[in-house]
Amino acid sequence: WTMSFGSEPEAFKAYAEAMPNNCIFLVDTYDSISGVRNAIRVGRWLREQGHKLVGIRLDSGDLAYLSVEARKMLDEAGFENALIVASNELDERLVTSLHQQGARIDVWGVGTKLVTGEEQPALGGVYKLTAIRSGEGWQRKLKLSEQVAKVNIPGILNVRRFSDSQGHAVADAVYDIEVHAKGNWEIRDPLVPFHRKELARGLRHEELLVPVFRGGKPVYEPPPLLEVQVRTRRQLSCFHPAIRRFENPHVYPVGLERQLHDLRTTLIEQERAKVVKA
């Protein structure tokens with residue numbers, strides 16, 4: 001929602017107009033402290049319309065520090081009754097620790113750790129907006145976060161798996177289908193940019209993502225379950241045994257195609273500049 005608008009204040013204002021009696025603004029899309037400021041601005045508008053700011057939600061970063069700072073800002077702005085909601089992989093240990101640190105949190109959003117056991121863990125995955133149509137083309141969208149792993153990958157994305165002549169998987173590259181290398185491919189680790197791998201010419205490749213819906217209509221026929229099982233086993237057999245072992249497995253190379261990595265870096269710098277100006 002937030003990323004589909006030109007700015008965070010625009011998104012909050014539109015949300016307030018649509019849900020004036022239920023405004024708990026998620027403030028960490030770009031920068032949590034800046035997000036609290038924007039929530040306060042829209043909260044003042046809500047008050048003028050006869051409604052109230054219910055609260056804000058923190059979902060990343062140092063929850064103890066951010067909740068204390070947010071409480072100060074809300075109180076100073078006259079929103080003493082606004083709630084501070086916290087989430088982000090909370091469990092009993094984190095909640096206890098945050099209490100001990102003096103966190104100013106009113107509502108605890110416990111999800112994954114409540115409904116799954118640690119010995120049967122969940123795969124943490126979140127849908128993020130990566131691009132939105134702008135006229136005849138696409139505008140790439142980026143979400144900032146205090147946690148590097150939560151900064152999304154912008155673009156019209158696909159994943160290409162490269163294999164050698166024996167059919168062994170060599171690397172997976174996430175790339176933008178409209179902007180990517182024409183010659184040799186180089187992939188870079190999004191978390192450790194100096195980890196990079198150049199992929200030799202002549203490698204076989206296949207696209208791993210296929211469209212399921214186009215224009216709101218299904219364009220994909222799901223294969224039978226047994227066919228899925230056979231394909232999964234075949235795909236697993238393409239990986240070296242050192243990658244498949246349970247103890248200290250070899251790390252399989254997965255990264256961003258170089259031009260996508262550069263685009264993402266540029267957008268991060270642009271969004272951070274906006275936050276500083278705000």
Side-chain angles (χ1 to χ4, degrees), residues 1-116 124 126-129 141-152 271-272 274-278:
W1 172 273
T2 302
M3 292 166 63
S4 68
F5 289 82
S7 68
E8 192 172 59
E10 289 178 57
F12 286 179
K13 179 71 177 304
Y15 189 88
E17 290 172 343
M19 306 275 285
N21 298 311
N22 192 29
C23 283
I24 298 180
F25 295 115
L26 178 62
V27 297
D28 77 331
T29 302
Y30 302 107
D31 175 82
S32 294
I33 296 298
S34 177
V36 175
R37 293 195 193 100
N38 291 329
I40 289 171
R41 292 172 190 163
V42 178
R44 292 189 178 115
W45 178 85
L46 278 167
R47 182 179 284 165
E48 293 171 358
Q49 310 308 308
H51 303 285
K52 70 174 184 177
L53 171 64
V54 177
I56 59 127
R57 177 176 157 218
L58 302 167
D59 189 51
S60 61
D62 186 334
L63 296 179
Y65 166 77
L66 290 171
S67 65
V68 170
E69 293 302 306
R71 186 75 272 159
K72 290 178 185 175
M73 296 167 68
L74 290 166
D75 289 353
E76 290 172 0
F79 294 101
E80 295 88 349
N81 294 322
L83 300 173
I84 296 179
V85 181
S87 53
N88 190 22
E89 301 297 328
L90 296 178
D91 59 17
E92 66 274 24
R93 292 175 179 82
L94 277 173
V95 171
T96 299
S97 174
L98 287 164
H99 270 302
Q100 292 170 345
Q101 295 174 66
R104 300 295 304 277
I105 295 168
D106 303 298
V107 180
W108 305 84
V110 182
T112 304
K113 299 293 180 70
L114 181 66
V115 298
T116 63
V126 182
Y127 285 102
K128 297 292 181 188
L129 183 68
K141 304 296 289 186
L142 182 110
K143 171 200 166 11
L144 288 182
S145 173
E146 285 87 354
Q147 293 174 251
V148 177
K150 284 196 169 186
V151 178
N152 74 306
E271 292 299 334
R272 292 205 183 283
K274 292 179 184 177
V275 170
V276 171
K277 289 180 181 177

Please output the side-chain donor-acceptor pairs of residues 68-77 that fall under 3.5 Å, not counting sequence neighbours, one pair per line with the distance.
| unit_1 | atom_1 | unit_2 | atom_2 | d |
| --- | --- | --- | --- | --- |
| Arg71 | NE | Asp75 | OD1 | 3.1 |
| Arg71 | NH1 | Ala82 | O | 2.9 |
| Arg71 | NH2 | Asp75 | OD1 | 3.2 |
| Arg71 | NH2 | Phe79 | O | 3.1 |
| Arg71 | NH2 | Glu80 | O | 3.4 |
| Arg71 | NH2 | Ala82 | O | 3.1 |

Closest approach of [X] and [Y], non-hydrogen atoms and distance?
X	Y	result
Ser87	Arg57	OG-NE, 2.9 Å
Leu98	Ala64	CD2-N, 3.5 Å
Lys150	Ser145	CB-OG, 3.5 Å
Ser34	Val275	CB-CG1, 4.2 Å
Leu90	Gly109	CD1-O, 3.8 Å
Phe5	Trp1	CD1-O, 3.1 Å

Would you give the length of the straight line joining atom CZ of Arg104 to atom CD1 of Ile84, rounded to the nearest 0.5 angstrom?
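Rounded to the nearest 0.5 Å, the CZ-CD1 separation comes to 7.0 Å.
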What's the spacing between Glu92 CD and Trp108 CH2 if we round to 0.5 Å?
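The CD atom of Glu92 sits 12.5 Å away from the CH2 atom of Trp108.
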For residues Ile33 and Leu66, determine if any side-chain heavy atom of one lies less than 4.5 Å from a side-chain heavy atom of the other.
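Ile33 vs Leu66: side chains touch.
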Going through the checks in order, is the side-chain contact (heavy atoms from CB on, under 4.5 Å) test met by Leu144 and Asp31?
CA-CA 7 Å; Leu144 288 182; Asp31 175 82; 5.9 Å; no
Determine whether Ser60 and Asn88 satisfy the following criterion, side chain to side chain donor-acceptor pair (under 3.5 Å), listing intermediate values before the conclusion.
CA-CA 6 Å; Ser60 61; Asn88 190 22; 5.9 Å; no
Partners passing side-chain hydrogen bond (donor to acceptor under 3.5 Å, both in side chains) against Asn152 (at least two apart in sequence or in another chain):
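Asn152: no side-chain hydrogen bond (donor to acceptor under 3.5 Å, both in side chains) contacts found.
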Apply side-chain hydrogen bond (donor to acceptor under 3.5 Å, both in side chains) to Gln101 and list each qualifying residue two or more places apart in sequence or on a separate chain.
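For Gln101, the residues satisfying side-chain hydrogen bond (donor to acceptor under 3.5 Å, both in side chains) (neighbours in sequence not counted) are Ser97.
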Are the side chain of Asp28 and the backbone N or O of Leu58 linked by a donor-acceptor pair below 3.5 Å?
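Side chain of Asp28 to backbone of Leu58: no pair is present.
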Where the side chain of Glu271 meets the backbone of Leu142, is there a donor-acceptor pair that is under 3.5 Å apart?
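Absent.
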By the definition side-chain contact (heavy atoms from CB on, under 4.5 Å), identify the one residue from Lys143, Met3, Arg272 that meets it with Tyr30.
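So the option named by the test is Met3.
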For Asn81, does the CG atom sit with more than 12 other heavy atoms under 6.0 Å from it, leaving out its own atoms?
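For Asn81, atom CG is not crowded (no more than 12 foreign heavy atoms under 6.0 Å).
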Can you give me every donor-acceptor pair (side chain of residues 8-15, partner residue at least two apart or in another chain, under 3.5 Å) with its distance?
| unit_1 | atom_1 | unit_2 | atom_2 | d |
| --- | --- | --- | --- | --- |
| Glu8 | OE1 | Asn38 | ND2 | 2.8 |
| Glu10 | OE2 | Ser7 | OG | 3.2 |

Would you check, one step at a time, whether the test side-chain contact (heavy atoms from CB on, under 4.5 Å) holds for Leu46 with Cys23?
CA-CA 9 Å; Leu46 278 167; Cys23 283; 3.8 Å; yes
Under 3.5 Å donor-acceptor pairs involving side-chain atoms of residues 47-55, not counting sequence neighbours:
| unit_1 | atom_1 | unit_2 | atom_2 | d |
| --- | --- | --- | --- | --- |
| Arg47 | NH2 | Gly78 | O | 2.8 |
| His51 | ND1 | Asn21 | OD1 | 2.8 |

List in chain and number order the residues that pass ring pair (Phe, Tyr, Trp, His ring centres under 6.0 Å) with Tyr65, two or more places apart in sequence or in another chain; answer none if no residue qualifies.
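Result, ring pair (Phe, Tyr, Trp, His ring centres under 6.0 Å) vs Tyr65: none returned.
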